[in-house]
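Structure record follows, encoded as structure tokens.
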Amino acid sequence: MKTELQHINFLYQTNSQKEYHISLSYQLFGKDLFSAPIILVNHALTGNSNVSGEKGWWKQLIGENQAIDTKKYTVLCFNIPGNGYDDFFIDEYSDFTPSDIANIFLKGLENLNIKNLYAIIGGSLGGGIGWEMLAKNPDLAEIFIPIACDSKTHDWLHAQCLVQQFLLNGNDEPLQKARIHAMLCYRTPQSLNERFQNKFNQEKQKLASEDWLNYHGKSLAERFSLKSYQLMNHLLMNINANEKDLNKITARMHLISVDRDLFFPSSEIKKCFENLKINKNKIFYHEIKSIHGHDAFLMEYEQLDKIIKNIL
Ligand SMILES: CC(=O)SCCNC(=O)CCNC(=O)[C@H](O)C(C)(C)COP(=O)(O)OP(=O)(O)OC[C@H]1O[C@@H](n2cnc3c(N)ncnc32)[C@H](O)[C@@H]1OP(=O)(O)O
Ligand SMILES: N[C@@H](CCO)C(=O)O
């Protein structure tokens, strides 16, 4: 299977009535397309289509003999247009919502002639886009696995993204500052306190935790453009799958939360599960236990592995 970046080009009119030439890029892993069940993986905020292989950001989960076994499945991952991984950028981020990204991914599937998916899996923003896709096309997938995400952005998350937006609109190291604030939403007080224990970095004359935050701010600024991060933050702020349509989704659903997630609290995900369970049998709730919080979906692979192997 070729895993390099491939492109689909088309005209797209956004919900806000703006016309864009979209260059939708994607990668495929595992079995040849149409020779095996297809799993669509929707990437999170600063992720991209490179989900498996040496530099794959979910390589602990997707690969040969992994929970998402590339010896059994075809894995497809689109880049959210404007994430910059494929050098495609969007100037006016506010023209787009996750509903548009869902439309674009659905167009991508149509273009590839994929009518049914075995599963859709997405973490954080990627899961939100999964909800939006299924609200529009309820019979698209046999299984849906949204991880550390919800079908809508709730007030708390919106508020954190608002702070991100203020920081990103500033002039002084906007990406670094926004990322440092974001890291505190992706982790928890316990995670930082237990890990760093007020250790002091003598060489840098600062707390090791401060150095760690600075490192993450700096490394994001090196790998991400301001434009892309503004778009991704705006998308995270605006997940809003049509509630009435959620009941029509036919996929077997497995909602996975992280017990200490400060971004998409497990209590909200559980509420979503309980609401949908009223009308649906094939729906299940799983919880990852982790002091790390939201980022557990990128860290707690032993738990994720077990949950996902049992689902697929
Ligand atoms: C799915 C997606 O959306 S994006 C793709 C995955 N996400 C990312 O890569 C985003 C950035 N990374 C992260 O958020 C985190 O690294 C995670 C979630 C992947 C893992 O978190 P943790 O297990 O806590 O690892 P931590 O952040 O401490 O270390 C990661 C790397 O930073 C380095 N690092 C951490 N602190 C410092 C520091 N103070 N100075 C220099 N390097 C540092 C580590 O050495 C490690 O490097 P390595 O990957 O080459 O081994
Ligand atoms: N830390 C991850 C998850 C955000 O939801 C990222 O940077 O994409």
Side-chain angles (χ1 to χ4, degrees), residues 27 41-62 68 75 77-80 83-85 98 121-130 146-150 153 156-158 160-161 164 168 175-176 178-188 190-196 199-225 228-237 239 256-258 260-265 269 288 290-304:
Q27 281 175 262
V41 177
N42 286 347
H43 71 76
L45 197 81
T46 66
N48 51 52
S49 59
N50 202 23
V51 291
S52 184
E54 200 193 329
K55 290 194 174 158
W57 59 262
W58 242 1
K59 65 180 175 197
Q60 292 91 331
L61 208 64
I62 307 174
I68 301 174
V75 174
C77 184
F78 293 116
N79 282 298
I80 295 178
N83 75 0
Y85 185 67
I121 301 181
S124 193
L125 173 63
I129 293 167
I147 310 174
C149 71
D150 208 335
T153 304
W156 177 259
L157 173 58
H158 188 274
Q160 301 307 327
C161 293
Q164 292 272 297
L168 289 168
L175 267 171
Q176 284 94 320
R179 187 63 167 180
I180 286 173
H181 166 256
M183 290 306 293
L184 302 178
C185 306
Y186 304 153
R187 306 297 167 101
T188 63
Q190 295 81 0
S191 174
L192 256 71
N193 289 345
E194 282 189 24
R195 176 171 178 171
F196 295 105
K199 281 187 197 119
F200 195 75
N201 184 326
Q202 290 294 348
E203 197 190 316
K204 295 187 178 164
Q205 282 295 299
K206 54 176 66 121
L207 283 175
S209 54
E210 185 178 334
D211 186 51
W212 178 78
L213 287 170
N214 286 337
Y215 166 79
H216 275 289
K218 198 165 158 271
S219 58
L220 183 81
E222 282 163 5
R223 74 184 172 94
F224 233 76
S225 79
S228 298
Y229 205 54
Q230 281 171 321
L231 168 72
M232 306 310 276
N233 182 57
H234 171 77
L235 294 176
L236 193 54
M237 217 166 167
I239 301 167
I256 306 179
S257 73
V258 180
R260 302 214 203 166
D261 193 330
L262 300 178
F263 228 30
F264 286 95
I269 297 175
I288 296 170
S290 176
I291 62 158
H292 299 303
H294 183 67
D295 262 351
F297 81 95
L298 299 166
M299 299 167 80
E300 302 285 1
Y301 287 109
E302 227 173 273
Q303 293 184 59
L304 259 177

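Computed from a predicted model, the values in this text were never measured in an experiment. When a ligand or atom number is given, it counts from 1 through the structure's own listing order.
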Check for me whether M299 has a heavy atom closer than 4.0 Å to any atom of ligand 2.
no

The one among E300, R195, H216 that brings a heavy atom closest to atom 13 (C) of ligand 1
H216

Between Y186 and ligand 2, does any nitrogen or oxygen pair lie at a separation below 3.5 Å?
no

Would you mind finding which of W58, Y215, F196 brings a heavy atom closest to atom 40 (N) of ligand 1?
Y215

Going by heavy atoms, is M183 under 4.0 Å from ligand 2?
no

Which of parallel (below 30°), tilted (30 to 60°) and perpendicular (above 60°) describes F196 and W212?
tilted

From the candidates R187, H292, K218, the one that places a heavy atom nearest atom 20 (C) of ligand 1:
R187

Could you tell me if any non-hydrogen atom of F263 lies under 4.0 Å from any atom of ligand 2?
no

Any idea which of M232, H294, E210, R223 brings a heavy atom closest to atom 9 (O) of ligand 1?
R223

Could you list the residues that satisfy salt bridge (charged side-chain N to carboxylate O under 4.0 Å, His left out) with K218, not counting sequence neighbours?
E222

Closer than 3.5 angstrom, by distance alone: can the side chain of K59 be matched with the main-chain N or O of E54 as a donor-acceptor pair?
yes

Taking only residues two or more places apart in sequence or in another chain, which ones pass salt bridge (charged side-chain N to carboxylate O under 4.0 Å, His left out) with R179?
none

Looking only at heavy atoms of L298, does any of them come nearer than 4.0 Å to an atom of ligand 2?
yes

Between N79 (side chain only) and S49 (backbone N and O only), is there a donor and an acceptor less than 3.5 Å apart?
yes

Between D295 and ligand 1, which part of the residue brings a heavy atom under 4.0 Å of the ligand: side chain, backbone, both or neither?
side chain

